[in-house]
Protein chains: 4
Amino acid sequence: MATDATAKMGRPRSERARRAVLHAADDLLVDVGYAAMTMKGIAERAGVGRQTVYRWWTTKAEILLEAIIDDVEEELTTPALPDAVDDLLTYVRALSEFLMTSPAGLAYRALVGEAQHDPAVRDLVHAADLLGASARTVLDRVRPVAPAMPSPKLAAAQVVGPVVYRMLTAPAEFSHEELREHVRHLLTSWSS
Amino acid sequence: MATDATAKMGRPRSERARRAVLHAADDLLVDVGYAAMTMKGIAERAGVGRQTVYRWWTTKAEILLEAIIDDVEEELTTPALPDAVDDLLTYVRALSEFLMTSPAGLAYRALVGEAQHDPAVRDLVHAADLLGASARTVLDRVRPVAPAMPSPKLAAAQVVGPVVYRMLTAPAEFSHEELREHVRHLLTSWSS
Amino acid sequence: MATDATAKMGRPRSERARRAVLHAADDLLVDVGYAAMTMKGIAERAGVGRQTVYRWWTTKAEILLEAIIDDVEEELTTPALPDAVDDLLTYVRALSEFLMTSPAGLAYRALVGEAQHDPAVRDLVHAADLLGASARTVLDRVRPVAPAMPSPKLAAAQVVGPVVYRMLTAPAEFSHEELREHVRHLLTSWSS
Amino acid sequence: MATDATAKMGRPRSERARRAVLHAADDLLVDVGYAAMTMKGIAERAGVGRQTVYRWWTTKAEILLEAIIDDVEEELTTPALPDAVDDLLTYVRALSEFLMTSPAGLAYRALVGEAQHDPAVRDLVHAADLLGASARTVLDRVRPVAPAMPSPKLAAAQVVGPVVYRMLTAPAEFSHEELREHVRHLLTSWSS
DNA sequence: ATCTAACCGAGACGGTACGTCACGTCTTACA
DNA sequence: TGTAAGACGTGACGTACCGTCTCGGTTAGAT
């Protein structure tokens with residue numbers, strides 16, 4: 001019986017170390033903020049060698065992305081509601097809440113910020129399209145009552161863009177009333 | 001005539017040094033990118049002492065903001081056009097072009113990015129509201145034919161947000177056709 | 001026939017691995033020098049696991065000592081000559097040549113150097129007394145014509161010490177003429 | 001009056017930092033030994049930035065050499081004595097004491113050891129010729145009664161070499177009696 | 001015509017994170 | 001059990017930049 005030529009050799013990767021690094025990154029982001037987070041700090045907080053961190057990730061952004069990618073999807077999953085306005089409104093409220101309050105939202109903002117500085121992170125963030133999947137899901141649900149909805153990408157940008165822009169450039173998020181008006185305008189312009 | 005008690009004494013600030021620093025920051029951003037820009041590098045490129053930089057600015061973001069603030073306003077000033085669709089479309093096209101191509105747009109993205117990492121920069125960027133003034137100008141022009149336009153802040157976010165969101169999270173900007181459709185939807189939802 | 005209770009169990013030590021390590025150490029010393037030699041590098045050059053090296057040796061000095069100990073003895077064995085001056089002179093010339101030129105001499109110098117830094121290596125080098133055996137041999141041969149020769153240890157130091165000192169602290173070895181004069185003085189002082 | 005073109009600019013070198021580094025190196029050598037001494041450790045012990053150490057020295061050997069070079073000369077200066085045997089004997093005893101006991105002697109051994117590993121250190125040590133000056137001084141004093149003394153370099157090697165060789169390769173130094181015999185043989189061979 | 005205070009350039013200072021390297025140990029699969 | 005492979009936690013390497021400091025020298029208004 002032939003030996004599998006592709007069999008892995010040597011000591012296998014430690015799942016314990018991997019989890020410790022991801023948790024440490026999450027914790028540090030909340031504790032000290034993205035700017036003060038360092039690869040050194042993550043390794044120390046995780047109780048892991050520095051080389052082990054560099055072996056599997058190249059930047060703190062990469063670690064953070066892996067750490068939060070599941071959380072983002074989960075936090076932006078909203079229930080299907082019979083009324084389209086309610087459905088979409090629940091989503092944009094969850095989005096606004098996520099961006100301004102949730103630790104994962106904090107990480108999302110940090111990652112989008114870093115993407116503007118580092119081309120490698122930019123590619124990662126573009127590829128991950130963290131908000132895209134959840135937006136597509138809710139848009140698919142309201143499409144039956146929005147016959148004039150534009151292409152999925154533009155429609156998603158119309159829903160999500162104003163909320164994200166507000167988060168990026170203003171100290172406070174939109175009020176619930178403003179979000180309701182935003183959703184109302186979207187559905188109006190998509191209805192005929 | 002009495003001496004002004006608040007008169008400045010000593011050698012006055014060197015305008016030459018100030019300009020050299022702002023230009024050096026601009027140049028470095030294009031040459032090496034925001035992440036690789038350093039206070040040390042700016043001082044050296046400007047042919048200026050390090051202390052002189054620290055005396056007047058505390059971060060590279062502050063320098064960059066001062067360096068580009070006039071350019072942004074200028075590049076986003078579009079001519080008033082008789083047709084509202086044309087007027088708004090010209091603006092969003094200028095905005096898209098600015099964000100993806102212009103050196104000042106590169107700086108804008110870097111500043112918004114840094115604002116997600118550093119609270120002090122965040123306050124600066126919020127206070128500057130770099131895109132807000134130009135958006136308000138064009139919205140004031142189309143308001144007569146858009147009676148249902150929401151509050152200025154929400155309306156501005158609806159115009160600008162999707163374009164900025166696209167720039168932040170996707171590798172390519174919206175096409176001219178997508179921007180036209182975006183503007184058409186906006187004016188539709190604001191018309192009744 | 002019964003199995004010997006003291007027989008070794010498990011896989012026996014690989015002679016192939018042992019030789020590969022010793023040769024790798026020798027080669028690396030010449031190629032990259034003692035300082036740049038590492039246990040990791042030796043293992044890789046030998047095509048041997050890192051653990052295998054650590055199982056049988058604790059330092060690179062120990063490996064090097066085992067690698068060269070036979071060569072030293074061989075290179076410093078000089079033929080007995082009828083004239084005492086010739087006999088001793090042939091020896092000190094071989095010694096000088098060994099120290100400045102031979103790969104084994106390079107290793108000897110590296111080991112003596114390391115002995116000044118690491119007490120464990122110091123003990124090894126003292127115990128090995130690499131030059132001592134050959135010096136004793138030649139001194140035994142000239143003793144009949146050197147009745148005032150002091151104790152073997154001092155006599156050996158008088159022969160070998162100046163040559164080694166020269167190698168340690170000066171860029172070039174003694175010339176043949178200087179070595180001849182050295183030997184002449186030694187035999188003069190030992191003759192009466 | 002013209003400004004001096006060669007005038008030093010910027011903050012001048014801190015003499016305080018220089019001394020602190022030299023003392024720290026000295027202390028660390030005694031406390032932890034040469035092998036365990038690190039540039040990092042020296043900087044920390046000196047209360048000095050790491051860059052400051054690297055700015056002025058490239059290796060720990062260079063620091064150590066600067067730290068001990070004055071001490072060596074001082075410790076090996078012996079008084080002129082009327083009898084040549086006494087004069088030379090006092091010197092070789094001081095040398096033996098220096099090599100086996102003195103902190104500066106410890107450093108000397110470490111430096112000679114490192115010189116066998118690192119060509120840059122080798123050049124430094126050769127250039128410094130730490131033992132040479134003191135040997136020349138004492139040889140000049142005994143020369144009147146040693147007409148057959150060979151060239152200064154060989155004579156110095158004959159005096160110093162055996163003592164250094166002993167120190168390098170044996171656990172204990174020569175006894176006072178052995179040193180006396182050594183000196184007696186030297187003067188005998190140089191006398192006619 | 002000095003005086004004096006704040007500016008200017010240069011560059012060394014004490015720190016600290018960077019990314020790499022080798023250490024010596026461990027955990028696999030295979031022989 | 002020995003072996004080759006390779007990940008593990010540790011810690012020094014030499015570099016870069018941080019923000020501060022200390023020089024000599026400049027430039028104005030106030031005396």
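Convention: sequence-line order gives letters A, B, ...; per-chain numbering from 1.
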Trainee: For Ala107(D), which residues count as a side chain to side chain contact (heavy atoms under 4.5 Å, CB included) partner, sequence neighbours excluded?
Mentor: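 By the side chain to side chain contact (heavy atoms under 4.5 Å, CB included) rule, Ala107(D) matches Leu29(D), Leu64(D), Ile68(D).
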Trainee: With a 4.0 Å heavy-atom cut-off, tell me which residues in residues 17-32 of chain A come close to DNA chain E, sorted by residue number.
Mentor: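 The stretch gives none, as no residue of it lies under 4.0 Å from the strand.
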Trainee: Using side chain to side chain contact (heavy atoms under 4.5 Å, CB included) as the criterion, list what pairs up with Arg13(B), not counting sequence neighbours.
Mentor: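 Scan of Arg13(B) (side chain to side chain contact (heavy atoms under 4.5 Å, CB included), adjacent residues dropped) gives Arg18(B), Trp56(B), Trp57(B).
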Trainee: Measuring to OP1 and OP2 of dA5(F), would you say a side-chain N or O of Arg13(A) lies under 4.0 angstrom away?
Mentor: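 Result: no.
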Trainee: Side-chain donor-acceptor contacts of residues 111-119 of chain D below 3.5 Å, not counting sequence neighbours, with atom names and distances?
Mentor:
unit_1	atom_1	unit_2	atom_2	d
Gln116(D)	OE1	Arg109(C)	NE	3.4
Gln116(D)	OE1	Arg122(D)	NH1	3.2
Gln116(D)	NE2	Val112(D)	O	3.0
His117(D)	NE2	Ala110(C)	O	3.0
His117(D)	NE2	Glu114(C)	N	3.4
Asp118(D)	OD1	Ala120(D)	N	2.8

Trainee: Taking side chain as C-beta onward, heavy atoms only, is Arg19(C) less than 4.5 Å from Glu15(C)?
Mentor: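 The answer is yes; the side chains approach within 4.5 Å.
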Trainee: Decide yes or no on side chain to side chain contact (heavy atoms under 4.5 Å, CB included) for Arg55(A) and Gln51(A), but give the supporting numbers first.
Mentor: CA-CA 6 Å; Arg55(A) 185 151 32 225; Gln51(A) 188 73 69; 4.1 Å; yes
Trainee: With a 4.0 Å cutoff (strictly under), does any side-chain N or O of Thr52(D) reach OP1 or OP2 of dA12(E)?
Mentor: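 For dA12(E), neither OP1 nor OP2 has a side-chain N or O of Thr52(D) closer than 4.0 Å.
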Trainee: Would you please name every residue forming a salt bridge (charged side-chain N to carboxylate O under 4.0 Å, His left out) with Asp31(B), sequence neighbours left out?
Mentor: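 Residues passing salt bridge (charged side-chain N to carboxylate O under 4.0 Å, His left out) with Asp31(B): Arg45(B).
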Trainee: Return the nearest nucleotide to the side chain of Arg16(D); candidates are dG14(E), dA12(E), dC7(E).
Mentor: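 Nearest listed nucleotide: dG14(E).
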Trainee: Do any side-chain nitrogens or oxygens of Trp56(B) fall under 4.0 Å of OP1 or OP2 in dA6(E)?
Mentor: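 Checking Trp56(B) against dA6(E): no side-chain N or O falls below 4.0 Å of OP1 or OP2.
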Trainee: I need the CZ-C1' distance between Arg11(D) and dC23(F), as an integer number of Å.
Mentor: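 Spelled out: CZ on Arg11(D) to C1' on dC23(F) is 9 Å.
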Trainee: Using whole Å, what does the distance between atom C1' of nucleotide dG14(F) and atom CD of Glu62(D) come to?
Mentor: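 In whole Å, dG14(F) C1' and Glu62(D) CD are 15 Å from each other.
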Trainee: For each nucleotide in nucleotides 15-21 of chain E, reading 5' to 3', give B when a protein heavy atom comes within less than 4.0 Å of its base, S when such contact involves only the sugar-phosphate, and - otherwise.
Mentor: B-BBBBB
